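On a predicted model such as this, the values are computed, not experimentally measured, just so you know. Quick note on labels: first sequence line is chain A, next is B, and so on, each numbered from 1.
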Amino acid sequence: MKLTNSLTGRKELFKPVNEDHVGMYVCGPTVYSDVHLGNVRTFLTFDVIFRFFRFLGYNVRYVRNITDVGHLENDDDNGEDKIAKKARMEKLEPMEVVKHYTEDFHQVLRQFNCLPPSIEPSATGHIIEQIEMTKKLIEQGFAYVVNGSVYFDVLKYNEQHNYGILSGRVVEELMESGRKLDSQDEKKNKVDFALWKKAASSHIMRWPSPWSAGFPGWHIECTVMSTKYLGETFDIHGGGIDLKFPHHECEIAQSVGATGKNPVNYWIHSNMLTVNGQKMSKSLGNSFLPRELFTGSHSLLDKGYGPMTVRFFMLQSHYSSTLDFSNEALNAAEKGFKKLSNALTLVKKLSHPGGSIKQTPMDEILLNLSDELYENMCDDFNTAKTLAVLFEMSGRINDFKSGNTPLSSIDNTTFEQFKAAYIGFMEDVLGLKSEEEHNQELLNGVIQVLIDLRKKAREDKNYKLSDKIRDDLKAMGVQLMDGKNGEMSYTLE
RNA sequence: GGUCUCGUGGCCGAGUGGCUAGGCAGAGCUCUGCAAAAGCUUGUACAGCGGUUCGAAUCCGCUCGAGACCUCCA
């Protein structure tokens with residue numbers, strides 16, 4: 001297993017800290033607005049990495065956080081908290097904003113068939129730990145207090161360590177470029193960053209701390225949560241390449257400053273999704289929302305595309321390359337994916353007549369193809385090459401079907417291995433299944449939600465609502481049936 | 001301005017020194033009542049210039065072009 005480590009810039013052999021175990025941390029979203037397709041690409045990348053390690057038999061702990069406090073609007077440390085701003089603008093409690101967009105995020109990832117992480121901690125759930133780590137950094141002399149706020153002292157840190165080890169930045173150059181400190185700034189130097197921010201009493205998100213009532217800085221949450229759930233040194237840290245600096249650089253500084261240990265052995269950065277060659281981002285206004293894509297209600301699309309098509313489209317490129325998003329490319333992906341998914345449906349139905357025969361050159365070809373799937377995924381998660389092999393395999397599957405290659409002409413175990421590899425890599429590793437099947441699962445999920453709602457309504461003796469749910473579903477061809485002990489089943493017409 | 005990355009055929013996109021990427025689109029053929037699906041065959045390529053090498057899309061230099069980061073972003 002080899003992967004490209006952003007820390008060294010080289011492809012390296014993967015050696016986990018604990019044999020057979022993988023600890024992976026990925027920076028999750030700041031839940032203040034809808035996730036767009038660019039965001040999805042990153043989480044899809046790490047979903048495949050998560051899936052592949054599991055497929056290889058590793059015991060993986062995948063931690064992905066939810067940032068629900070501390071992420072400030074531009075203008076670095078003097079901006080407003082993103083969640084708080086949204087809450088103020090929409091006259092909501094911050095936690096209402098958080099809940100809404102967290103659920104939206106989950107729903108979107110489910111649509112793209114991304115598995116949930118092992119642990120999904122939130123920043124507000126770890127305020128105490130963040131305060132503790134901040135204290136530790138002050139004790140170590142790498143942080144200082146000003147007017148109730150605490151800042152990380154980058155210059156001090158850089159005397160003993162290397163701030164820039166990940167991003168290749170040079171502190172002296174950072175000090176010179178960009179905007180200067182202005183009178184509002186409390187920081188000693190412009191490169192310093194906040195660990196704790198004092199908040200005015202009007203501020204709607206604040207917690208007590210030894211320094212002031214306030215809230216934690218953005219970078220400290222990831223350090224705290226990754227350390228808490230994965231240890232002081234863990235295997236893989238991932239995220240979008242745009243987080244490399246300053247976010248990930250700061251994480252390293254915080255960890256090294258607090259524990260003296262290098263926190264992460266392998267950094268993996270996924271590249272950006274672009275539109276007409278430009279990064280898809282909210283601020284540029286060129287982002288696509290998943291539902292715009294599914295329904296085709298976007299000016300750059302002339303039709304809608306299913307989530308599996310999009311998943312396939314993204315996997316056709318390597319995670320470390322930029323990927324350009326266009327209607328034409330999606331159209332091609334849709335047709336290509338259809339081919340793979342047809343073969344998937346087909347191969348599931350095929351079974352070998354039984355009987356083992358002497359292996360022929362065809363057996364060898366088929367077994368080699370299965371091996372290539374592993375080789376390509378083990379080579380820095382090369383999903384593009386893996387898909388190329390799957391295309392070749394889909395051709396063989398069609399040959400089985402048409403009789404060009406009768407199943408009886410190959411060995412039983414060869415076929416079983418081939419079949420398992422195709423299905424395994426399609427479904428378990430790449431997370432691809434036919435749109436129909438995927439839709440069916442989604443539909444089942446949706447119906448289950450309605451069943452739960454109806455159950456709740458019945459418990460509340462709100463029969464008006466419970467009957468409405470049953471009747472409306474019946475009108476759409478879904479017949480609900482109440483069982484003996486409150487169980488519920490349904491049939492589709 | 002600084003740091004870095006990229007530039008592959010009509011489109012998307014793998015590939016890092018010699019060995020077919022792949023998908024979509026195009027052309028031809030097979031199968032088919034028609035169509036679809038499927039199968040077979042096929043053309044077009046490595047931004048430009050120079051260098052290293054027996055040999056470069058792949059290494060080095062320069063030029064041009066695009067992008068990312070340096071400020072919130074996956």
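- Across all strands, A:Asp324 comes closer than 4.0 Å only to sugar-phosphate atoms, never to a base (heavy-atom distances).
- Taking the side chain as every heavy atom from C-beta outward, A:Gln254 and A:Ile220 approach each other to under 4.5 Å.
- Across the protein-nucleic acid pair, A:Asp242 atom CG and B:C69 atom C1' stand 9 Å apart, rounded to whole Å.
- Straight-line distance from the CG atom of A:Leu432 to the C1' atom of B:G23: 14 Å, rounded to whole Å.
- With B:A14, B:G23, B:A74 as the choices, the nucleotide that has an atom nearest any side-chain atom of A:Ser317 turns out to be B:A14.
- Taking the ring centroids of A:Phe418 and A:Phe400, they lie under the 6.0 Å cut-off.
- Taking only side-chain nitrogens and oxygens, A:Asn398 comes nearer than 4.0 Å to OP1 or OP2 of B:G39.
- Using a 4.0 Å cut-off, some side-chain N or O of A:Lys339 falls inside it from OP1 or OP2 of B:C24.
- Atom P of B:C31 sits at a distance of 48 Å from the matching atom of B:C49, rounded to the whole Å.
- Across the C1' atoms, B:A56 and B:G18 are found 9 Å apart, a figure rounded to whole Å.
- Checking B:A74, B:G13, B:C69 against the side-chain heavy atoms of A:Phe245 singles out B:C69 as nearest.
- Between A:Glu375 atom CD and B:G15 atom C1' there is a gap of 15 Å when expressed in whole angstrom units.
- The phosphate of B:A74 (OP1 or OP2) has no side-chain N or O of A:Asn271 nearer than 4.0 angstrom.
- Atom CE in A:Met272 sits about 7 Å away from atom P in B:C69, given to the nearest Å.
- Picking from B:C12, B:C70, B:A14 the nucleotide with the shortest atom distance to the side chain of A:Leu174 gives B:C70.
- B:C46 sits 15 Å from B:G17 when the C1' atoms are compared, rounded to a whole Å.
- Between B:G48 and B:C11, the two P atoms lie 15 Å apart (nearest whole Å).
- Base pairing annotation: B:G67 forms a Watson-Crick or G-U wobble pair with B:C4, both donor-acceptor distances under 3.5 Å.
- Taking for each of A:His36 and A:Phe391 the nucleotide of RNA chain B with the nearest heavy atom, the 5'-most of the two is the partner of A:Phe391.
- Using the Watson-Crick or G-U wobble rule with both distances under 3.5 Å, B:G55 pairs with nothing in any strand shown.
- At a cut-off of 3.5 Å, with distance as the only test, a side-chain donor of A:Tyr319 or A:Asp380 sits close to an acceptor on the other residue.
- Listed nucleotides B:G2, B:G39, B:C72 differ in distance to A:Asp399; the shortest reach to its side chain belongs to B:G39.
- Remark: A:Arg64 is positioned above the aromatic ring of A:Phe43, its terminal NZ or CZ atom under 6.0 angstrom from the ring centre and at most 45 degrees off the axis.
- Across the P atoms, B:U3 and B:G15 are found 28 Å apart, a figure rounded to whole Å.
- Across the P atoms, B:A57 and B:G7 are found 14 Å apart, a figure rounded to whole Å.
- Checking B:U20 for Watson-Crick or G-U wobble geometry (two distances, each under 3.5 Å) identifies no partner in any strand.
- Base engagement by A:Gly38 is indicated by at least one non-hydrogen atom pair under 4.0 Å involving a base atom.
- Counting heavy atoms of neighbouring residues, nucleotides and ligands inside a 6.0 Å radius, atom NZ of A:Lys91 does not exceed 12 of them.
- Distances were taken from every side-chain heavy atom of A:Trp218 (C-beta onward) to each of B:G15, B:C12, B:C72; the shortest belongs to B:C72.
- The closest side-chain donor-acceptor pair between A:Asp68 and A:Thr124 falls under 3.5 angstrom.
- Within the 4.0 angstrom heavy-atom criterion, no nucleotide atom of any strand lies near A:Leu340.
- Comparing the C1' positions of B:U42 and B:A36 gives an interatomic distance of 23 Å, to the nearest angstrom.
- Nucleotides B:U41 and B:A74 place their C1' atoms 44 Å apart, quoted to the nearest Å.
- Among the heavy atoms of the strands lying under 4.0 Å from A:Leu243 are primed sugar atoms or P, OP1, OP2 only; no base atom is included.
- Using the Watson-Crick or G-U wobble rule with both distances under 3.5 Å, B:C31 pairs with nothing in any strand shown.
- The nearest whole Å value for the distance from the CD atom in A:Glu392 to the P atom in B:A38 is 16 Å.
- Whole-Å rounding puts the A:Leu37 CG to B:A74 P distance at 13 Å.
- Between A:Tyr157 and A:Phe152, the ring centre distance stays below 6.0 Å.
- As rounded to whole Å, 12 Å separates atom P of B:C12 from atom CD of A:Gln316.
- Using a 4.0 Å cut-off, some side-chain N or O of A:Lys335 falls inside it from OP1 or OP2 of B:A25.
- A tilted orientation is assigned to the rings of A:Phe53 and A:Phe14, their planes being inclined by 30° to 60°.
- Protein atom CG of A:Asn65 is 11 Å distant from nucleotide atom P of B:A74, rounded to whole Å.
- You'll find that the side chain of A:Glu173 is closest to B:U3, out of B:U3, B:A74, B:C70.
- Mapped onto RNA chain B by nearest heavy atom, A:Ser394 and A:Ser321 fall at different nucleotides, with A:Ser321 at the one closer to the 5' end.
- Within the shown strands, B:G61 is the pairing partner of B:C49 under the Watson-Crick or G-U definition, both distances less than 3.5 Å.
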